[in-house]
Amino acid sequence: MQRPLIIAPSILAADFAKLGEEVRAVDAAGADWIHVDVMDGHFVPNISIGPLVVRSLRPITRLPLETHLMISDPDKYLDDFAKAGSDAFIVHVEGNAHLNRTVQKIKSLGKKAGVVFNPATPVVAIEEIIHDVELVLVMTVNPGFGGQQFIQSMLPKIRRVRELIERVRPGCDLEVDGGIETHTIGAAAAAGARVFVAGSAIFVAKEGITAAMQNLVKSATGG
Ligand code: DX5
Ligand code: ZN
C-alpha cells in the first residue's frame, strides 16, 4: 500500500517569539513531523538555531523532530542534538568527505538517518549511501533561506530519485524541501515525493495554520 503523504512544517518560518505556541498549533492541525533547519553561516549564508531550541521544543510536542543540518561539520554536533531530543537527522552530501561515517554515527545514536542534496548535485551522488539511509531529501531551492521559489527543473530529479528508490531501496522516504506551496506540491507529489517540508506556506499563510495545512494536503492529492 502506498504510504500516505507526510507534512513536515519548517519552523524556520515560524515567529520565534512564540515558537512553542506555533509548534503546538501545527501539531494540533495534523502535522506529521517538525522540520528543524540548522544553519551555521558557513555551509549556508545564514544562521538559525542550535540544540538549545530543540531542547526547548522537546516537551512541547511528541511529533518527531527532524533536524536538517546545513552546517559544515555535522559530526561535531550530532551528540548535542541527539541529547536535546532530535529524532532524525538529515545531512548534506556536499562537502562531507566521510558521509558514510556521519550516517553510521547517526545510527549508532539510535536516530533515523537521511541524506539531502542541493539542486545542482546529481542523483548519482546518493547511489552508494542510499542503502544506509531511511530518507532522501531533494532540495527544491538552494538551502539557506525560507520563502524562495520552487525550482521547477527539480521535478525530473525527483522522478529519478523515485526510480532509484523503487529499484534499490523500496521503503526509503522521498522528501522535498523549499518553495512547497499549494501550486507546487501537486507536481512534486506526482513526481514521486511523499514527504513535504513547508515553512512559509504554513506559518505565514493568510488563511491561518490549520486551513493552510488542509489546503496543502488537498493540493498534493489533486483535490
Ligand atoms: C531552506 C530550508 C527549508 C525552508 C523551507 O534552506 O531547508 O526547510 O525553511 O521554507 P519554505 O517552505 O518557505 O521554502
Ligand atoms: Zn530544511
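Atoms within each ligand, like the ligands themselves, are counted from 1 in listed order. Residues take their numbers from the sequence shown, with the count starting at 1.
- When hydrogens are left out, the protein atom nearest atom 10 (O) of ligand 1 is Gly146 CA, 3.6 Å; that is the closest non-hydrogen contact.
- Judged by the shortest distance from any of its heavy atoms, Glu181 lies outside the 4.0 Å radius around the atoms of ligand 1.
- Between His68 atom ND1 and Asp177 atom OD2, the angle centred on the Zn ion (ligand 2) amounts to 100° (nearest 10°).
- Nearest to atom 11 (P) of ligand 1 among the protein's heavy atoms is Gly147 N, 3.6 Å.
- Between the side chain of Lys111 and the backbone N or O of Phe89 there is no donor-acceptor pair closer than 3.5 Å.
- With values rounded to the nearest 0.5 angstrom, Phe145 atom CZ is found 9.5 Å from Leu12 atom CG.
- Of all N/O/S atoms in Asp37, OD1 sits nearest the Zn ion (ligand 2).
- Of the protein's non-hydrogen atoms, Gly179 N, 2.8 Å is the one closest to atom 14 (O) of ligand 1.
- Salt-bridge annotation for Asp87 and Arg62: absent, with no side-chain N of the basic residue lying under 4.0 Å from a carboxylate O of the acidic one.
- Applying the 4.0 Å criterion to heavy atoms of Phe145 picks out, from ligand 1, the atoms 1 (C), 6 (O).
- Ligand 1 does not have Ala13 within reach: every non-hydrogen atom of the residue lies 4.0 Å or more from it.
- Both tests hold for Lys157 against Phe117: distance to the six-membered ring centre under 6.0 Å, angle to the ring axis within 45°.
- Atom numbering of ligand 1 starts at 1 in the shown order; those under 4.0 Å from a heavy atom of Asp37 are 2 (C), 3 (C), 4 (C), 7 (O), 8 (O), 9 (O).
- For ligand 1, the polar-atom distance check against Pro143 finds no nitrogen or oxygen pair separated by under 3.5 Å.
- Between Arg194 and Leu174, every side-chain heavy-atom pair lies at or beyond the 4.5 Å cut-off.
- Atoms of ligand 1 found under 4.0 Å from any heavy atom of Gly144, numbered from 1 in the order shown, are 1 (C), 6 (O).
- Between Gly199 and ligand 1, a contact under 3.5 Å exists for at least one N or O pair.
- Taking every non-hydrogen atom of His68 and a distance limit under 4.0 Å, the qualifying atoms of ligand 1 come out as 7 (O).
- Sorted by first and then second residue, the pairs that involve residues 73-84 and meet salt bridge (charged side-chain N to carboxylate O under 4.0 Å, His left out), not counting sequence neighbours, are Asp79-Lys105.
- Contact between Ala113 and Val103 at its shortest, heavy atoms only, is CB-CG1, 4.0 Å.
- Taking every non-hydrogen atom of Leu12 and a distance limit under 4.0 Å, the qualifying atoms of ligand 1 come out as 9 (O).
- Taking every non-hydrogen atom of Val197 and a distance limit under 4.0 Å, the qualifying atoms of ligand 1 come out as 8 (O).
- Between Asp177 and ligand 1, at least one pair of N/O atoms sits closer than 3.5 Å.
- Contact atoms of ligand 1 toward Ser200: 11 (P), 12 (O), 13 (O) (distance under 4.0 Å to a heavy atom of the residue).
- Between the side chains of Asn96 and Thr102, at least one donor N or O lies within less than 3.5 Å of an accepting N or O.
- Counting non-hydrogen atoms of neighbouring residues, nucleotides and ligands closer than 6.0 angstrom, the CZ atom of Arg58 exceeds 12 such neighbours.
- Here Ala198 has backbone heavy atoms under 4.0 Å from ligand 1, and that is the only part of it that gets that close.
- A donor atom on one side chain and an acceptor atom on the other are not found under 3.5 Å apart for Ser48 and Asp37.
- Remark: ligand 1 and Ala201 share no N or O pair separated by less than 3.5 Å (distance only, no angle test).
- Linking Ile, Leu, Val, Met, Phe, Trp and Tyr residues whenever their side-chain heavy atoms come within less than 4.5 Å leaves Met70 and Met154 in two separate clusters.
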Legend entry - From CA spacing to verdict: salt bridge (charged side-chain N to carboxylate O under 4.0 Å, His left out), Glu163, Arg159: CA-CA 6 Å; Glu163 279 162 22; Arg159 274 195 290 273; over 6 Å; no

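- Remark: ligand 1 atoms within the under-4.0 Å shell around heavy atoms of Gly178 are 14 (O).
- With respect to the Zn ion (ligand 2), His35 has NE2 as its nearest N, O or S atom.
- In this structure, the side chains of Pro51 and Tyr77 stay at 4.5 Å or more apart for every pair of heavy atoms.
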